[in-house]
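Below are the structure tokens for one structure; questions will follow.
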Amino acid sequence: MSQPVLTVDDLSVRIAGLHILQGVSFTVAPTGVTVLLGRNGVGKTTTLRAVVGLTPRNGEVDGTVRMGEQSLLDRPTHRLVRGGLGYVPEDRCVFAGLTVAENLRLAERRGSTPAYDRVFALFPELDRRSRQRAGSLSGGQQQMLAIGRVLLNDNRLLLVDEPTKGLAPKVVTEVAEVLERVAESVPVLLVEQNLAVVRRLARDAVVLAAGKVAWAGDAQELLSETALTRSLLGVGSAEAHDATPAAARKDGH
Amino acid sequence: MLATRGLTWRIGEVAIVDSVEIDLAPGEFLGVIGPNGAGKTSLFNLITGLRRPTEGQVTLDGRDISALPPHRRARLGLGRTFQASSVFGSLTVRENVRLAVQAHRGGSMKLWRRAAADREVAAAADTALDRVGLAHRGTALAGTLAHGEKRKLEIALLLAGEPTVMLLDEPMAGVSAEDVPELVQVIRSLTGDNGRSVLMVEHHMDVILELADRIAVMHHGALLACDTPETVMANPTVQEAYLGEEL
Amino acid sequence: MTEVKSPEVPAPPAAVPAELTGGRVSRLRPYLPLLVLVVAVILPYSTLHLPGIFEGALNSPGTLQLLAVCLVFGGLAAGYDLLFGRTGMLSFGHALYFAAGVYGTDILITRAGLPLWQAAPLAIVGGTILAGLIGAVALRTVGIAFAMVTLAFAQVGAILVARDFGGLTGGEEGLPLDVSGLPAGLVGVANTVNLYWLALAYLVVVVLVVHRVSGSPTGRVLAGLRDDERRIGVLGLDPYRFKLVAFTLAGGLAAAGGVVYCLIVGGASPHITSSELTLSLLVMVVLGGPGTRWGPVLGGILYMYLDHRLVSFGSSGAVEALPAFLSRPLSEPLFVLGTVFILAVYFFPGGLASLAPRLALLRDALRPGRRRED
Amino acid sequence: MDAIILLTLTGLGLAALYFLVASGLSLVFGLADVLNFAHGLFLGVGAYATWWAAGNLPGAGADGLGFVVAVAFGVAAGTLMAVLVELVLIRPLYSRTIEQVLVTVGLSLAGVALLQATWGADARPFPRPEWTRQVTTILGAQVPNGGLLLIIAAVLVLAAILAFLQWTRYGLIIRAGVENREMVTALGIDVRKAFTLVFAIGGAAAALAGALGSVYFGTVSPQQGGSLLIFAFIVVVIGGMGSVVGSAYAAVAVGLLQQFVNYYGTSGLGDICVVALLAVVLLLRPQGIAGKAAIA
């Protein structure tokens, strides 16, 4: 297997005394989408934020995270991002008071040419609405802007946190299509709750449970094994293939 | 017990909670499920009064409580826990529960009495701690508890208020797998007595299936279905909403 | 929707549990405050000279007056901590209620000719009502907004005093206290010792009240408010009422301190209404250790002591001998105190009160074979 | 009629002074969440540096071009001071808001004391260019030129800040940072540079206020900054923290209200009305100060 683009080794995060991650280790393959799964509150977002250096002030981070040969922890977020780590946060976080064009302009960097053609090819909508305030965009459009902002520069790895959260089903499909195209050229570490999206995109899967990695391997294999999915994810995943509640209840006890 | 009528909360154009109608019978355990961002926590905030609805009413025992502030609603028997554990971190576990007992029984505005001397409050607090299995941690600072223990403490705070309707917002979130069964037992014991009603948001489907009498499914702020677990689970719309369409 | 950054002021650091581990000291510890009190009571009988620390003998009027002022501010800081350290309210207007006590007493005695036994209670009641009214308005806001509103109201007080409305306050000159109607025991240099005891009594009363209230059911709610105000509401308690009670009570205590201060310094001057004073209260509490039993008291006493003594320290030979760019700033007490405060914020976040447990930790760490238990 | 015009223009002069202090305060709060009590110190430094330069700096003087040089020196000193404060004191406490506020409180006490130690506690006469001592007749009212100078300066500063925020890259970063600081860093931008810049802008504006305000009042004293600062705080709160335009509107409202009430009512009543206005604004919009949307 080729060298992983990201290696997380024994990552621990405490926030305000809560031991959220307790020695998480996994790798992200240099191509395709690796999806980070797990129940709500298990620390998926915390993991992404720790990788990109956004752990809150009352948090402590231990362990090592490497992108290629480079160690990531203890480096300020803006340097990591400039070094090719693109981050699309949960809830999109576009600057509502700024126009679409200004949101994009903010992501430009000195010394490199912003790839507007690439962004507008993926999201023609953003070009048309460039003078509109980002706050007046729909949720889906905001998500496109959040992804577009990151794609303006070349990245070695993208971290994408729940891009389909709170979006209408049709828009979810659009976002998934976009991510699929993006992943053709750059590896993606994706946090996603929507298992249909996971099934469509993910090549590898890492499942977190109780602050640790509970399972890691081929995503499709995970999804094809109902019992495995259910025991690892607990969530509605159980019904993804086998929606009879009676079975679920019997199985549980 | 608790009922909502046309409960709606909009931010600008977007309806975060959209005309939700829920009826909670005495002693009933109603589970609320739905994808992230479906508006479950917002629904809780509207019911407990942390947010004011754009439209609609909340009634408790037939009384319209829509205009009451949170603390008045709590006095009428509406208790809740929060999605992110919220306990008083710089007080000890025991002081946390005593504060809740005292808040419920009245007499909090006594500047000159020694709080520690009130045996009735102390006894009630210890009972609540016992019920959630935290009695041995009484002197620990609440801020230093492990996550599962904080969850239990939150439930103890809730119990101390002797509520008639309890709203639990993802009580299992962040609780390690080995602690789940114990917490489920604690929660199950809540409904056993006094005909207390429970409304619970939870992502652990097995927990919901085990505890709930009925399940309400929320999606994009609206109530998709509200029925027995069997019926809800067999409902194709629900599956689609909850799991996303096949792509 | 734009993201709304929370204007909440983070709660100040929680109380540091001050239990010293160790044998004999801990057994004596409960009696230590009592011992200090006894020493403080009999102190005026001592003719001890402490060169460098005090100018005259301990029982000289000058020293006693300085000590009395220190004690009043110890009490004032303890009262302010009821808001800041114990409830988590950042008020920038606390000096106003102190000033209300000072000017209230002064005006009622000097302008209205009331006897002290009427003027003092009236001033305290007036200051308390003022705090209640302003609190009722200001507490509709939280966090930084609350700090600003209290600061603005205090500024109104400063303006009223400075502009000398109705010729009551004496404006910039201040208003010397008319001592002719006062009890003889409180007048004259020879009776400074009585004022000292009065100040000591004030401090004891404030400390008792603050500790009693902190240990009461209400105090429990206040501590809860400091941690999580929203949660208090969900428990069925109205945060506003409790904050208003604490605010009013602290205002009343400050007004009482104003009465005592007015007697000690024999009048009122406009500097006590300045925002500088209200900021210094914050400095005292943070220096001492917010939310701790004795920290704010020590902070207040130490601050006032330095504020007074640094002036003469600055004009002492050793400092005078320094080059001007050093000696001049050093003779400004606020420069030294402000600098010490900044350093304290960086290096001693828990204030003086955190020093004892820190030293204990250090001692335990140095003692072989013993581990600290968390 | 003359009186109204005169009061309006002197009120605007006062408003200009408030705006110069408040604009920086507002930006600093909006971006860094720091309620900067040391802002009055920047004003004091600007005033004293101008005063010192007018008497001592070669090329500077009390009149004509020399005065411009003196003011430029004062503004430079205030800016430098603000940058140093940010780099040395504020930055190490990055995102520890309450400690940052405490440090600025300590700094405001120590800084004023230092000015006092160096130049004495009493007000000193300030060098005033000949023109500023005269009056201009506008529609029959005799308006002091010092006030007009302040108004012109404030309008220029407002225009400059708005242009900076709207058209430059750092302006864009500041506007974005006021909305969501963390996301700015997540786009690969060192937001702390923007902090320093905002402190520099605020320091420069405050120092300019110090210099021109001293011309207007004719004296300079260590306490000047402190008393102006409270009204600047009020302006910032009424105008909405982080909003420069809001500060401008609020400054005008506060300045005019103060001037008119002080004239037609009792002296000092205007100041009290301003506080009452603040109370009303906050009571009507308790979350008003968090409304950091409209920045430019």
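Here is the naming used below: chain letters follow the sequence lines, and residue numbers restart at 1 for every chain.
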Problem - B:Val87 side chain reached by C:Asp227 side chain, heavy atoms, under 4.5 Å - result: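 Of all side-chain heavy-atom pairs linking B:Val87 with C:Asp227, none is under 4.5 Å.
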Practice task
Look up atom OH in C:Tyr240 and atom NE2 in B:His71, then write down how far apart they are to the nearest 0.5 Å.
Solution key: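 One gets 11.5 Å once the value is rounded to the nearest 0.5 Å.
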Practice task
Using non-hydrogen atoms and a 4.5 Å limit, figure out which bit of B:Ala100 sits close to chain C: side chain, backbone, both or neither.
Solution key: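 It is both, since atoms from each part get that close.
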Exercise for the section: Identify the two heavy atoms, one from C:Pro217 and one from B:Ala115, that lie closest to each other, and give their separation to 0.1 Å. Expected result: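 For C:Pro217 and B:Ala115, the tightest heavy-atom pair comes out as N-CB, 3.4 Å.
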Problem - Other residues, nucleotides, ligands: >12 heavy atoms within 6.0 Å of B:Arg51 CZ - result: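 12 or below, so no.
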Practice task
For residues B:Ser90 and C:Arg226, report the shortest heavy-atom separation together with the two atoms involved.
Solution key: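 That closest heavy-atom pairing would be OG-NH2, 2.9 Å.
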Problem - B:Phe88 backbone acceptor or donor facing C:Asp228 side chain under 3.5 Å - result: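 No, C:Asp228 side chain to B:Phe88 backbone: no donor-acceptor pair under 3.5 Å.
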Exercise for the section: Pick one of side chain, backbone, both or neither for B:Arg72, based on which atoms fall under 4.5 Å of a heavy atom in chain C. Expected result: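 Nothing of B:Arg72, per the 4.5 Å heavy-atom cut-off to chain C.
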Handout entry: Heavy-atom check, side chain of B:Gln102 versus side chain of C:Leu235, under 4.5 Å
Key =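 No. Closest side-chain heavy atoms not under 4.5 Å.
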Problem - Region of B:Thr48 that comes under 4.5 Å of a non-hydrogen atom in chain C - result: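 Nothing of B:Thr48, per the 4.5 Å heavy-atom cut-off to chain C.
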Problem - Pairs of heavy atoms under 4.5 Å with chain B: top-ranked of C:Val221, C:Leu249, C:Leu237 - result: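 Result: the option with the highest number of such pairs is C:Leu237.
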Exercise for the section: Decide yes or no for C:Arg212 and B:Arg114: does some side-chain heavy atom of the first lie under 4.5 Å from some side-chain heavy atom of the second? Expected result: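 Touching, per the 4.5 Å side-chain cut-off.
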Handout entry: Neighbour count >12 (heavy atoms, 6.0 Å) for atom CZ, B:Arg113
Key =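 Incorrect, the count does not exceed 12.
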Practice task
With a 4.5 Å cut-off on heavy-atom pairs, point out which of B:Leu111, B:Val121, B:Leu157 contacts chain C the most.
Solution key: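 If we count pairs closer than 4.5 Å to chain C, B:Leu111 comes out on top.
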Handout entry: Heavy-atom check, side chain of B:Met109 versus side chain of C:Val245, under 4.5 Å
Key =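 Result yes, sub-4.5 Å side-chain heavy-atom pair found.
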Problem - Closest approach of B:Trp112 to C:Ser216 (non-hydrogen atoms, all atoms of both residues) - result: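 B:Trp112 and C:Ser216 have their closest heavy atoms at N-CB, 4.4 Å.
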Exercise for the section: First locate atom CG of B:Asp118, then atom CZ of C:Arg220, and finally report the distance between them rounded to the nearest 0.5 Å. Expected result: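 So the CG of B:Asp118 and the CZ of C:Arg220 are separated by 8.0 Å.
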Handout entry: Contacting region of B:Glu95 [heavy-atom separation from chain C under 4.5 Å]
Key =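 Contact with chain C is through both the backbone and side chain of B:Glu95.
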Exercise for the section: Could you tell me whether the side chain of B:Leu99 reaches within less than 4.5 Å of the side chain of C:Arg231, counting heavy atoms only? Expected result: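 When only atoms from C-beta onward are counted, B:Leu99 and C:Arg231 do not touch, as no gap falls below 4.5 Å.
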Handout entry: Polar side-chain atom of C:Thr218 near backbone of B:Ser108 as donor-acceptor pair, under 3.5 Å
Key =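 Side chain of C:Thr218 to backbone of B:Ser108: a pair is present.
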Handout entry: Per-residue contact mode, C:Ile232 against chain B (heavy atom under 4.5 angstrom)
Key =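 Both backbone and side chain.
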Problem - When B:Pro69, B:Gly89, B:Ala140 are compared by non-hydrogen pairs under 4.5 Å with chain C, the top option - result: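 Winner by heavy-atom pair count: B:Gly89.
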Problem - Engaged part of B:Leu76 at the chain C interface, taking heavy atoms whose separation is under 4.5 Å - result: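 When you check distances to chain C, no heavy atom of B:Leu76 falls under 4.5 Å.
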